[in-house]
Asker: 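Encoded as structure tokens, here's the structure I'll be asking about.
The sequence lines fix the lettering, A, B, ..., with proteins before strands; numbering per chain opens at 1. FYI, side chains are in, hydrogens and waters are out, and symmetry mates aren't considered; it's all heavy atoms of this structure. Just so it is clear, the structure is predicted and the values come from calculations on it, not from any experiment.
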Number of protein chains: 2
Amino acid sequence: MATASKLSQSRKPGRPSKSEDLRDVILDQAELAFAEFGFEGASLRDIAGRANVNQALTRYYFGSKADLFDACFLRRGGFLAGHRHVNLDRLLEKTPHPEVEDILLAYLKPQWDMKYSGPNGAAFVALQARLHAEPEEHALRLRREVYDASVKRYISALCDALPQIPRDLISTRMAFLVGTYLFMLNDLGRLDDLTDGHLNGFGKEDMLHQLVTFLSAGMRAAP
Amino acid sequence: MATASKLSQSRKPGRPSKSEDLRDVILDQAELAFAEFGFEGASLRDIAGRANVNQALTRYYFGSKADLFDACFLRRGGFLAGHRHVNLDRLLEKTPHPEVEDILLAYLKPQWDMKYSGPNGAAFVALQARLHAEPEEHALRLRREVYDASVKRYISALCDALPQIPRDLISTRMAFLVGTYLFMLNDLGRLDDLTDGHLNGFGKEDMLHQLVTFLSAGMRAAP
DNA sequence: CTTGTTATTATACATATGATTAATTTAACG
DNA sequence: CGTTAAATTAATCATATGTATAATAACAAG
């Protein structure tokens, strides 16, 4: 019996490539299912079915359902955090004292692009929004594990760009920002409802620009 | 056999008061459960158990689980929308041309107070955030049914206060706003994680003020 | 080819859940 | 009191689900 415990999540070095494939296929389908139905609403049978794979394989690779969800979130979340990290590095390298707009864009763009990279990218955005609305303790730990470090770096960068704003206010506003873009990205397709369709005039890039403008002004606001 | 169909949600006129009590007890406990575990995660048995009531009673009063959730949401959501409506009426009556800050405060204060009115008020905020992260079609309809009208009134008021900003931009920014405050209210207790505890200096009223400042600046931002 | 390990499947288990029905209690009313 | 309808409960049903185990297939090494 293979020890398919929680530790089996970490890839063992010499694994053949074929099996890596199925592993990722399962993750992809789990991502879609969790995004659409939520953690409790999604079923392992459905996920395995979508992936054309026996259900027991989910357990073999990931352990429990909760472990599968975590793997799902950590995969793309890690990628996202890394992307943000690099973006900030490049920005600071190019411009030692960047504008607020540039900092915010460096933070927002990766997720924005992910949203429009395909169905799974969009699904991950929905997954994040769900996780944010989840009061359970474990969900909080997950988010912190993935995002806290990079968020704190961005807070520092914003503090440098806005010396007149105290740090705790910047932190608070950064929390505002996360809520804004997460729910907004997730809700994008439905904004028409509020605007009687007037939103159609904005393209996707326009919308990102509008978001940055809105958030930058909020960041700059005098206390 | 009583026709306990979906129609039984609407209160019949001459119903005795004792049963109204149980109806509300169930709703209260359902609110707590749905907020904590989500729609799929919460169980009718658990809800009935918390309410010290037989499980079949949930069906008798509300029909299906989905109907119970709807009743749960509509009850407090309607109250909230009404409160916002009245707030805007009073504001416009007192000041024909109010400031952006006053309009936003009229919109935000009712939910803010609800959050701190007790466990069920806080639960409803969590419920809203969950519903907002829910991509399902029915969830969208629910939200629109409860909130759209009042949001549109506030958009009009903001248009009057900000004649230099086109209406579709105001609408877009109003959508930003909803994401911001919903997520932020839901996450309030955890903001410390991002701020290394620096947030403790802000009281609850302070925090509301910070939010209004942030959002007002965003609303005013030049396109 | 043989062997041993990993990957994959088929199958069964125990249980929790939403729905449902029938029986029982409560209360209003004549 | 006696009757009738509403409120409440007890008990059952069918099923979907996460977990678990054992059997089989694929495959690399010797």
Side-chain angles (χ1 to χ4, degrees), chain A residues 1-27 29-30 33-34 36-72 136 138, chain B residues 1-27 29-30 33-34 36-72 136 138:
Chain A
M1 174 182 66
T3 63
S5 72
K6 306 191 174 185
L7 293 182
S8 72
Q9 285 184 51
S10 54
R11 297 180 179 178
K12 292 152 194 166
R15 190 176 287 176
S17 62
K18 179 78 175 297
S19 55
E20 293 283 338
D21 281 352
L22 275 195
R23 216 188 131 91
D24 280 342
V25 170
I26 293 175
L27 276 181
Q29 298 304 320
F34 284 137
E36 185 171 3
F37 306 113
F39 176 76
E40 314 275 355
S43 90
L44 293 179
R45 278 172 175 79
D46 176 47
I47 293 172
R50 295 174 184 224
N52 281 317
V53 136
N54 188 283
Q55 183 205 149
L57 209 58
T58 64
R59 175 175 155 82
Y60 178 74
Y61 277 124
F62 301 99
S64 72
K65 185 186 184 184
D67 290 332
L68 172 59
F69 182 91
D70 291 358
C72 218
E136 187 200 8
H138 178 71
Chain B
M1 172 183 63
T3 63
S5 73
K6 305 192 174 183
L7 294 182
S8 73
Q9 285 183 54
S10 55
R11 298 182 178 179
K12 292 151 196 167
R15 191 176 286 173
S17 62
K18 179 79 177 295
S19 56
E20 292 285 337
D21 281 351
L22 275 194
R23 218 189 131 91
D24 280 342
V25 170
I26 293 175
L27 276 180
Q29 297 305 320
F34 284 136
E36 185 171 1
F37 306 114
F39 176 75
E40 313 276 356
S43 92
L44 294 179
R45 279 173 175 79
D46 176 46
I47 293 172
R50 295 175 185 224
N52 281 315
V53 137
N54 188 282
Q55 183 207 148
L57 208 58
T58 65
R59 175 174 156 82
Y60 179 74
Y61 276 124
F62 302 98
S64 73
K65 185 186 184 184
D67 291 332
L68 172 59
F69 182 91
D70 291 358
C72 217
E136 187 200 7
H138 177 71

Asker: For dA20(D) and Y60(A) - does any side-chain N or O of the residue sit under 4.0 Å from the phosphate oxygens OP1/OP2?
Answerer: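 Answer no for this pair, as no side-chain N or O of Y60(A) is under 4.0 Å from OP1 or OP2.
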Asker: Should the pair F39(B) and F34(B) be assigned to parallel (<30°), tilted (30 to 60°) or perpendicular (>60°) ring geometry?
Answerer: parallel
Asker: Side chain of A56(A) only, please: which of dT9(C), dT8(D), dT9(D) is the nearest?
Answerer: dT9(C)
Asker: In whole angstroms, how far is the C1' atom of dA6(D) from the CG atom of L22(B)?
Answerer: 13 Å
Asker: Without decimals, in angstroms, what is the distance between Y61(B) OH and dT9(D) C1'?
Answerer: 13 Å
Asker: Mind calculating the distance between CD1 (I47(B)) and C1' (dT8(D)) to the nearest angstrom?
Answerer: 18 Å
Asker: Go through dA19(C), dA10(C), dG18(D) for me and flag the one nearest to the K65(B) side chain.
Answerer: dA19(C)
Asker: Using a heavy-atom cut-off of 4.0 Å across all strands, would you classify A48(B) as base, sugar-phosphate, or nothing?
Answerer: nothing
Asker: Give a yes or no on whether a donor-acceptor pair under 3.5 Å exists between the nucleobase atoms of dG18(C), that is its base, and the side chain of R59(B).
Answerer: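 Side chain to base: no pair below 3.5 Å.
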Asker: Can you check the R45(B) CZ to dG18(C) P distance for me, whole Å?
Answerer: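 Nearest whole value for this atom pair: 7 Å.
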Asker: How many Å lie between CZ on F62(B) and C1' on dT20(C), as a whole number?
Answerer: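 That distance rounds to 18 Å.
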Asker: Q55(A) CD to dA12(C) P: how many Å, rounded?
Answerer: 15 Å
Asker: Hey, does the side chain of N54(B) come within less than 4.0 Å of dA10(D)'s phosphate (OP1/OP2), counting only N and O?
Answerer: yes
Asker: Under 4.0 Å, heavy atoms only, any strand: does A42(B) hit a base, just the sugar-phosphate, or nothing?
Answerer: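 If one applies the 4.0 Å heavy-atom cut-off, A42(B) turns out to touch the sugar-phosphate alone, with no base involved.
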Asker: If we only count heavy atoms from C-beta on, is the K65(B) to T58(B) side-chain gap below 4.5 Å?
Answerer: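 Result no, sub-4.5 Å side-chain heavy-atom pair not found.
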Asker: Taking the side chain as C-beta and beyond, is there a heavy-atom pair between V53(B) and V25(B) under 4.5 Å?
Answerer: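 When only atoms from C-beta onward are counted, V25(B) and V53(B) do not touch, as no gap falls below 4.5 Å.
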Asker: Could you state the atom-to-atom distance from CD of E40(A) to C1' of dA16(C) in whole Å?
Answerer: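 Going from E40(A) (CD) to dA16(C) (C1'), I get 12 Å.
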Asker: Taking C-beta and beyond as the side chain, do F37(A) and D46(A) meet within less than 4.5 Å on heavy atoms?
Answerer: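 Contact flag for F37(A)/D46(A) side chains = yes.
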Asker: V53(B) side chain: which of dG18(C), dT8(D), dT9(D) is closest?
Answerer: dT9(D)
Asker: Give me the atom names and distance for the closest heavy-atom approach of A30(B) to L68(B).
Answerer: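 Reported closest heavy-atom pair: CB-CD2, 4.0 Å.
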Asker: Counting any heavy atom closer than 4.0 Å, what does L57(B) reach on the DNA or RNA strands: base, sugar-phosphate only, or nothing?
Answerer: base
Asker: Which whole-number value in Å describes the distance from L68(B) CG to dG18(C) P?
Answerer: 10 Å
